[in-house]
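The structure appears below as structure tokens.
In what follows, every chain begins at residue 1, and chains take the letters A, B, ... in the order their sequences are listed. Small disclaimer: the values here were computed from a predicted structure and weren't measured. No hydrogens, no waters, no symmetry mates; every other heavy atom, side chains included, goes into these values.
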Number of protein chains: 2
Amino acid sequence: MRSDYTWIYPSHTAKADNAKEDSAYRRLYLGIRQAILDGRLHPGEKLPASRDLAKSLGVSRNTVVTSFDLLVSEGYLETRIGAGSFVASSLPDREMTATATHEALDPTRKATRPARLSQSATRMLAYDRRFPRFRVARPFNPATPDLDAFPFDLWARLLRRSWRAPALDLTIPVDPLGMPALRDEVAKWLRQSRGVKCDADQVMIVSGAQQALDLIARALVDPGDVIATEDPGYEGIRGVLAASGATLLPIPVDGEGLQVHQLGKGAPARIVVTTPSRNYPLGTTLSLARRLALLQWADTHDAWIVEDDYDSDYRYDGPPLSSLQGLDRQNRVLYVGTFSRVLFPGIRLGYLVLPPALIPVFRGMRGFADGVPAPTAQAALAAFFAEGHFGGHVRKMRLSYGERRAHLRELIETRASDILQVLPSDGGLHLCARLLTAKDDVDVQERMVHAQLDCRALSSYYHDKSEENRGNLPQGLVLGFAGWKKNVISQSFDELINLVRRT
Amino acid sequence: MRSDYTWIYPSHTAKADNAKEDSAYRRLYLGIRQAILDGRLHPGEKLPASRDLAKSLGVSRNTVVTSFDLLVSEGYLETRIGAGSFVASSLPDREMTATATHEALDPTRKATRPARLSQSATRMLAYDRRFPRFRVARPFNPATPDLDAFPFDLWARLLRRSWRAPALDLTIPVDPLGMPALRDEVAKWLRQSRGVKCDADQVMIVSGAQQALDLIARALVDPGDVIATEDPGYEGIRGVLAASGATLLPIPVDGEGLQVHQLGKGAPARIVVTTPSRNYPLGTTLSLARRLALLQWADTHDAWIVEDDYDSDYRYDGPPLSSLQGLDRQNRVLYVGTFSRVLFPGIRLGYLVLPPALIPVFRGMRGFADGVPAPTAQAALAAFFAEGHFGGHVRKMRLSYGERRAHLRELIETRASDILQVLPSDGGLHLCARLLTAKDDVDVQERMVHAQLDCRALSSYYHDKSEENRGNLPQGLVLGFAGWKKNVISQSFDELINLVRRT
């Protein structure tokens with residue numbers, strides 16, 4: 001037995017990164033463990049009595065006993081009755097231990113072995129979002145609502161009230177489709193405001209449209225299946241669909257929305273993903289004739305339609321348009337929406353209205369994929385609906401956003417009509433404007449980053465961004481207006497226009 | 001033009017299911033729309049002036065104007081200046097409209113066309129959980145903590161405080177890995193209590209262990225890859241792994257945990273999923289020699305290890321055992337845990353500690369799969385940690401659960417030692433006991449359902465439940481004790497034993 005053991009107590013060394021946050025017994029435990037693993041303490045070696053070790057290290061005997069106990073539990077030490085504590089003799093031999101602990105420190109070895117990703121992840125990550133990332137929302141971001149106008153004080157009170165003495169469906173939620181009270185409210189609201197034909201059983205609460213699309217792709221798509229998406233459209237959707245191994249079939253959008261007749265070309269799509277109320281980002285509404293034709297097409301080809309109704313609450317020329325789902329008599333439409341835009345992004349709640357036949361499938365799959373949806377915000381949102389705050393907030397915001405939108409439109413028309421032309425649309429949180437000059441919109445987008453403006457290139461929303469095709473893509477800017485006061489919009493617009501003119 | 005239009009206002013008919021919740025304009029809109037779609041109003045047909053229609057229906061003129069406006073927006077009506085409103089002449093022809101609306105009503109047609117699911121969903125759903133489902137947690141459920149002991153009043157106050165004037169990382173969260181303040185706290189706690197080597201950057205907040213495993217399978221597994229899992233093990237894990245198309249390789253567990261040497265048989269596994277602190281449900285700890293051998297094996301075979309540390313906070317004979325991850329010098333371990341058991345299931349928060357090389361992959365994938373983790377409960381949990389409540393709660397629960405566990409163990413040993421034998425384990429929220437009689441444990445489980453007892457069959461946790469293999473499976477019961485007071489445990493245990501003896 002050695003006479004000095006202070007070297008196994010790493011609080012005395014500079015190496016102990018986490019010394020401050022570790023308790024004394026833990027530091028001693030780690031020191032002895034490391035000494036055993038790297039061979040400084042040998043298998044079978046006897047350790048001093050706890051009393052002696054405590055004295056020599058200047059710690060309490062209890063500290064030593066606790067660390068010895070843990071080392072025994074974990075198999076590093078063994079005690080022989082009446083004889084004391086020993087380094088375990090049954091440890092793997094030195095050589096092996098050394099391999100497991102030291103070889104990796106050769107940096108060249110690690111660098112040559114990058115992680116092999118799955119095909120699914122590789123396909124998904126190929127659709128990296130092509131937009132600048134800001135740490136906080138910057139002017140013209142198209143997905144930012146007016147956060148100053150949201151009643152967070154009320155929201156916080158609803159959270160507290162729901163959780164002070166929570167019901168069992170909050171503390172131990174069991175239904176992967178979500179909280180019954182919220183599903184009731186969502187179904188009622190979708191029937192009233194969008195003409196969605198559904199009852200609460202069909203509503204699945206999700207974290208947002210992204211999760212809804214992910215679950216849909218996983219439930220219904222096999223590698224090689226064709227999924228038709230709108231062109232232009234939201235890049236985040238393409239990534240999540242591509243992960244399933246599907247072939248994406250971009251379908252052009254014109255003044256009447258998705259060109260349904262183009263679905264007939266090539267292999268028939270298994271799923272058509274569309275934004276009938278308002279194409280993202282153009283703002284075009286799918287015409288009635290095309291709605292009926294699309295439903296007919298889906299029925300003939302045994303296909304599903306995903307209706308992504310991402311911000312139809314905000315229509316400024318009248319009530320929200322009725323959903324495509326409401327016209328569907330064949331139960332072929334999966335209806336998707338989110339509360340991110342209508343309330344605030346951090347709420348992380350959305351909904352997926354399922355055809356009845358798919359309810360058990362999605363319930364089962366969701367249980368495996370991520371269990372049940374988090375109930376914390378669901379409880380508050382159900383109360384927010386039940387007490388009438390939801391309807392009130394939407395009405396108030398519709399007025400406010402309508403004014404901000406008119407303001408931005410006027411700025412464009414009076415100050416930049418030689419550069420930008422607003423495309424027609426009747427709602428949403430952004431305007432889409434064509435660039436009338438020969439500027440490259442991605443170049444404009446990049447320049448705006450330095451001015452901390454999140455103004456996005458229209459061409460980035462198109463499917464084929466290859467070098468050969470870039471010249472064919474419409475050039476324009478997507479300009480969100482909802483999250484900023486009129487004076488901020490004015491000022492940001494000045495910066496934008498000055499930068500565009502100068503380049 | 002007709003003289004009577006009352007038939008287009010469905011509030012007067014019995015058919016209007018949602019008449020009560022629909023506003024007057026919406027009922028009129030729906031009535032006219034339906035009449036157009038099913039051909040009762042013809043393309044080009046003139047409608048009465050809004051004033052006249054209002055009078056004949058007994059509604060305000062504004063109601064008629066609003067519904068006409070919406071019908072025009074949606075393409076059902078068109079207005080000709082000075083001439084009034086007409087059913088759109090450009091509607092798809094009658095025949096097509098009729099197909100889209102009536103043919104589906106033939107019930108035989110629908111019944112013959114079941115939804116085709118993806119291979120991934122089919123594989124997943126084949127692993128339906130084999131346990132009874134109760135609407136609320138019933139005695140002996142192994143995943144239920146003591147909800148009466150959780151400080152929900154404090155929790156509700158923390159929620160309110162976080163959300164009254166929320167920071168931007170709550171209202172517009174941007175990092176798919178989660179809220180920085182919580183990731184800091186989790187990293188600190190995992191370093192201190194489990195010896196996990198990590199900093200906050202490596203921590204991804206997830207909704208639970210289930211989502212962590214789902215993301216891991218999607219990122220790293222291709223169809224045909226082999227994933228080794230413990231046998232017995234948690235069925236929910238198998239389903240989510242099977243979805244990726246992987247071949248599951250069950251590895252037996254003995255008194256030292258996973259039989260690492262069995263990994264060498266057959267095609268090498270790409271991932272090994274293990275519960276080193278305590279096998280689920282047996283409770284066995286993976287020995288030190290096997291830990292080192294497993295790390296060595298993973299390094300040799302370029303494999304990943306998933307360490308599922310599902311409830312290691314509750315060890316009753318001393319501090320929690322150190323993690324396998326803390327021994328790993330090769331960055332091969334993905335460390336998974338959940339707050340469901342240590343706090344309450346409805347919190348829906350867990351963590352995944354990633355090797356540094358995988359951080360960008362998981363960040364990108366998570367963004368596509370479900371965006372960013374919901375911040376509502378994250379904010380409260382970060383405060384719960386920062387103010388020291390977390391450590392206090394765990395210490396308090398460890399004492400209380402230790403007593404409940406001792407109580408259940410004593411009941412088994414004094415009252416049912418002829419029927420049940422407790423298997424050794426040093427922690428967790430349940431005991432696992434072998435059935436000493438020739439009873440079939442699945443049969444016992446089913447009988448308990450009628451007594452509203454959620455006591456689970458040990459054999460159900462094994463991989464091969466085929467008829468031929470059933471006879472080889474150990475028979476036993478998994479008995480959770482954490483969620484019930486001692487008198488409830490006593491009473492439920494009496495019922496259990498009486499039922500077992502009587503069958």
Side-chain angles (χ1 to χ4, degrees), chain A residues 18 21 69-70 74-75 92 100-101 104 115 118-121 124-125 136-137 147 153 156 159-160 163-164 168 170-173 191-192 207-208 210-211 214 218-222 239-240 287-289 292 295-296 318 321 329-330 344-346 348 357 364-365 368-371 374-377, chain B residues 18 21 69-70 74-75 92 100-101 104 115 118-121 124-125 136-137 147 153 156 159-160 163-164 168 170-173 191-192 207-208 210-211 214 218-222 239-240 287-289 292 295-296 318 321 329-330 344-346 348 357 364-365 368-371 374-377:
Chain A
N18 302 319
E21 67 187 26
D69 281 353
L70 188 57
E74 295 185 352
T101 53
S118 71
Q119 295 161 25
S120 167
M124 194 183 261
L125 294 173
V136 297
L147 295 175
D153 192 60
L159 278 171
R160 179 169 182 198
W163 283 92
R164 203 157 29 181
L168 267 179
L170 296 186
T171 55
I172 314 193
R191 287 194 300 261
Q192 285 171 13
S207 67
Q210 199 73 24
Q211 184 179 39
D214 188 38
R218 296 176 74 180
L220 302 174
V221 178
D222 281 324
V240 75
S287 72
L288 178 59
L292 295 171
L295 290 168
Q296 172 72 20
L321 296 179
R329 299 282 180 102
Q330 303 281 356
F344 61 100
R348 302 303 301 139
M365 249 192 47
F368 280 114
D370 79 337
T376 315
Chain B
N18 301 319
E21 68 187 26
D69 281 354
L70 188 57
E74 296 186 351
T101 54
S118 70
Q119 296 160 24
S120 167
M124 193 184 263
L125 294 173
V136 297
L147 295 175
D153 192 60
L159 279 170
R160 180 170 182 198
W163 283 92
R164 204 157 29 180
L168 267 179
L170 296 185
T171 55
I172 314 192
R191 286 194 301 260
Q192 284 171 13
S207 67
Q210 199 72 25
Q211 184 179 39
D214 188 38
R218 296 176 74 180
L220 301 174
V221 179
D222 281 324
V240 75
S287 71
L288 178 59
L292 295 171
L295 290 169
Q296 171 72 20
L321 296 180
R329 300 281 181 102
Q330 303 282 355
F344 61 99
R348 303 301 301 137
M365 249 192 48
F368 280 114
D370 79 337
T376 315

Heavy-atom pairs under 4.5 Å with chain A, option from B:L147, B:L70, B:D222, B:V221 with the top count: B:D222

Heavy-atom pairs under 4.5 Å with chain A, option from B:L168, B:L125, B:V136 with the top count: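 Counting heavy-atom pairs under 4.5 Å, the top option is B:L125.
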
Which atoms of [X] approach chain A - backbone, side chain, both or neither, heavy atom under 4.5 Å:
X: B:V240; value: both
X: B:L170; value: backbone
X: B:D69; value: neither

B:T171: partners by side chain to side chain donor-acceptor pair (under 3.5 Å), with sequence neighbours left out: none

Taking all non-hydrogen atoms of both residues into account, name the closest pair between [X] and [Y] and its distance.
X: A:M124; Y: B:F368; answer: O-CE1, 3.3 Å
X: A:L288; Y: B:G75; answer: CD2-O, 3.6 Å
X: B:P173; Y: A:P345; answer: CD-C, 4.3 Å
X: B:A374; Y: A:R348; answer: CA-CG, 3.5 Å
X: A:I172; Y: B:A137; answer: CD1-CB, 3.6 Å

Partner residues of A:T376 under the side chain to side chain contact (heavy atoms under 4.5 Å, CB included) criterion, sequence neighbours left out: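 By the side chain to side chain contact (heavy atoms under 4.5 Å, CB included) rule, A:T376 matches A:L159, A:W163, B:L159, B:T376, B:A377.
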
Choice from A:R160, A:R164, A:Q211 maximising heavy atom contacts with chain B below 4.5 Å: A:R160

Among A:A219, A:G364, A:A357, residue most engaged with chain B (heavy-atom pairs, under 4.5 Å): A:A219

Non-hydrogen side-chain atoms of A:L321 and B:E74 separated by less than 4.5 Å: yes

